[in-house]
Amino acid sequence: MHSRFLIIGQGLAGTALAWHLRERGIPFLIVDRDEELTSSKVAAGLVTPITGMRLNLNWRYETLYPEALAFYRRLESMMGECFYHEVPIVRLLRDEKAASLWMKRCLQPEVQPYLKQPMGPLVNESIFDNPYGGFEQQHSGWLDTAAFLKASRTFFCGLDAWQRGEVNMDSLQVSGSGVSWNGGVFSHVVWCTGWEAALHPWFDWVPFQSARGTVLSVQAETGGEQRIINRGCWLLPRVDGRLRVGPTYELDFQDPHTPSPESLSGLEKKLRGLLKTPFTVTGSQTGVRPIIKGHEALIGRHPARPQMAFLNGLGSKGVLRAPWVARQLVENLLDGTAIESRLDLSAND
């Protein structure tokens, strides 16, 4: 039968998959619950080369970043909107240990292309607390994930390729030639359902270690700073003038949308350690990052159900990883291109 994909979930993973299929001329139908708050919609969408407490270069950044940037720029041109904002990220070091580590890390050749020499002081120290110094990164920025997903949904609706709803395994009729659902026949079904895949009996063996995260909206005087500032937490000035601050990181949770008071107070404490000026919290959004322990992502066919495929585990790096990972899956399902074992679902069952 001819290829036709049923994509379950329209977060960053499902959306990137759909765009790659469209570029290949492959028909698809996305089925999504269209919830107001999801991990992809809440995400700040940061893309940063040097990351984590160890100040390491992000996984495969030299490959993933150019592909992601070209991917979003192509779609911006097609849809006539701007989603990706290429801006520097300032990393302020949190203590003497980090400052000592950075003195060694900044000399590494692979880090050099991502460092930018600021014109003048690194930050306005009457506004930002900076006792240990820091550095400015380039080839970085952020994606307005909510706007990107909304515009993509509108485009897919125009193709009659998006539908509000929910797919459960009992509604799928699987045969050797494909899968039937709601009167349609599909060659492949791809589950892009984020952290909730851990609750699905077909994928409950995947080692999920997902984390609930909250992002705050705040009002504060930042002296007109347009860069992303990070020390303990990040502060993101949006193009509409709003400020976002995050994130929290909660591994133990029940309600995916209700953060613990301790996590919120902890985030506000970090912001007070970054800003010398007062701030007011005006709102918050909470979602669950889909994290798979020991993997940057997992993709591929279900080991016992070859018509079923999986794209998940992008975690907090979804904006950066989704275009490349989705392309890898499309090339595997359509062309038979091998998936490296580190990312292959069937190799990790």
Side-chain angles (χ1 to χ4, degrees), residues 3-22 26-35 38-41 43 149 152-153 156 161-175 178-182 184-210 256 287-293 295-315 317-318 321-334 339 342-349:
S3 293
R4 186 188 181 207
F5 282 61
L6 177 62
I7 302 172
I8 305 173
Q10 197 231 321
L12 283 167
T15 300
L17 177 66
W19 281 116
H20 278 299
L21 290 171
R22 184 183 183 278
I26 303 299
F28 60 87
L29 173 66
I30 296 174
V31 179
D32 184 78
R33 294 197 303 237
D34 196 24
E35 296 177 304
T38 65
S39 174
S40 292
K41 292 175 182 176
L149 296 176
S152 297
R153 180 190 65 191
F156 298 148
W162 187 96
Q163 180 177 321
R164 182 183 290 108
E166 187 164 6
V167 178
N168 58 61
M169 61 182 186
D170 295 333
S171 64
L172 297 168
Q173 289 80 50
V174 182
S175 67
V179 180
S180 298
W181 179 78
N182 201 29
V185 179
F186 305 89
S187 57
H188 307 80
V189 178
V190 187
W191 299 83
C192 305
T193 53
W195 74 278
E196 290 184 90
L199 309 176
H200 196 296
W202 290 349
F203 303 107
D204 58 5
W205 49 270
V206 174
F208 275 95
Q209 194 176 45
S210 298
V288 178
R289 309 171 188 85
I291 301 170
I292 298 175
K293 188 176 181 180
H295 300 276
E296 288 79 11
L298 275 183
I299 59 176
R301 297 178 188 268
H302 190 285
R305 299 173 177 84
Q307 304 92 336
M308 303 291 171
F310 185 81
L311 198 172
N312 212 316
L314 299 174
K317 308 296 193 300
R321 295 175 182 169
W324 183 86
V325 170
R327 179 175 61 81
Q328 300 296 311
L329 179 59
V330 167
E331 291 175 355
N332 171 260
L333 297 178
L334 296 181
I339 299 170
R342 180 171 177 166
L343 300 176
D344 189 355
L345 176 72
S346 63
N348 291 275
D349 61 342

Measure the spacing between NE2 of His20 and CZ of Phe28 and express it to the nearest 0.5 Å. 12.0 Å
Taking C-beta and beyond as the side chain, do Val31 and Trp181 meet within less than 4.5 Å on heavy atoms? yes
Measure the spacing between CD1 of Ile292 and CG of Leu345 and express it to the nearest 0.5 Å. 8.0 Å
Less than 4.5 Å apart, side chain to side chain, heavy atoms only: is that true for Ser180 and Ser175? no
Within the structure provided, determine whether Pro27 and Arg4 are in side-chain contact (heavy-atom separation under 4.5 Å). yes
The reported gap from CG in Leu334 to CD1 in Ile26 (rounded to nearest 0.5 angstrom) is 5.0 Å
Check whether any side-chain heavy atom of Glu296 sits under 4.5 Å from a side-chain heavy atom of Lys317, and report yes or no. no
Looking at every non-hydrogen atom in both residues, tell me the closest pair between Asp344 and Gly300 and how far apart they are. OD1-CA, 4.5 Å
Closest contact, heavy atoms only, Ala322 versus Ala16: O-CB, 3.7 Å
Side-chain touch Asp34/Gln10, heavy atoms, less than 4.5 angstrom: no
Nearest heavy-atom neighbours spanning Gly318 and Pro323: O-CD, 4.4 Å
Would you say Met308 and Met169 make side-chain contact, with heavy atoms under 4.5 Å? no
Look up atom CD1 in Ile299 and atom CZ in Phe310, then write down how far apart they are to the nearest 0.5 Å. 11.0 Å
What is the minimum heavy-atom distance between Leu298 and Arg342, and which atoms define it? CD2-O, 4.0 Å
If you take all heavy atoms of Ser210 and Val288, which pair is closest and at what distance? CB-CG1, 3.7 Å
Minimum heavy-atom separation for Val167 to Trp191, with atom names? O-CZ3, 3.9 Å
Cationic N near anionic O, under 4.0 Å, Asp32 to Arg153: no
Interatomic distance, CD@Gln209 vs NE2@His295, rounded to 0.5 Å, equals 11.5 Å
Would you please classify the geometry between the His188 ring and the Phe5 ring as parallel, tilted or perpendicular, with 30° and 60° separating the classes? parallel
Drop me the distance from Ile7's CD1 to Gln163's CD, to the nearest 0.5 angstrom. 13.0 Å
Verify, without hydrogens or angle tests, whether Lys41 (side chain) and Gly287 (backbone) share a donor-acceptor contact under 3.5 angstrom. no
Can you check whether Leu199 reaches Phe208 side chain to side chain, under 4.5 Å on heavy atoms? no
Does any part of the side chain of Leu6, heavy atoms only, come nearer than 4.5 Å to the side chain of Val179, both counted from C-beta? no
Donor-acceptor pair, side chain of Ser171 and main chain of Asn168, under 3.5 angstrom: yes
Quick one: do Val206 and Asn312 satisfy side chain to side chain contact (heavy atoms under 4.5 Å, CB included)? Show the steps, please. CA-CA 10 Å; Val206 174; Asn312 212 316; over 6 Å; no
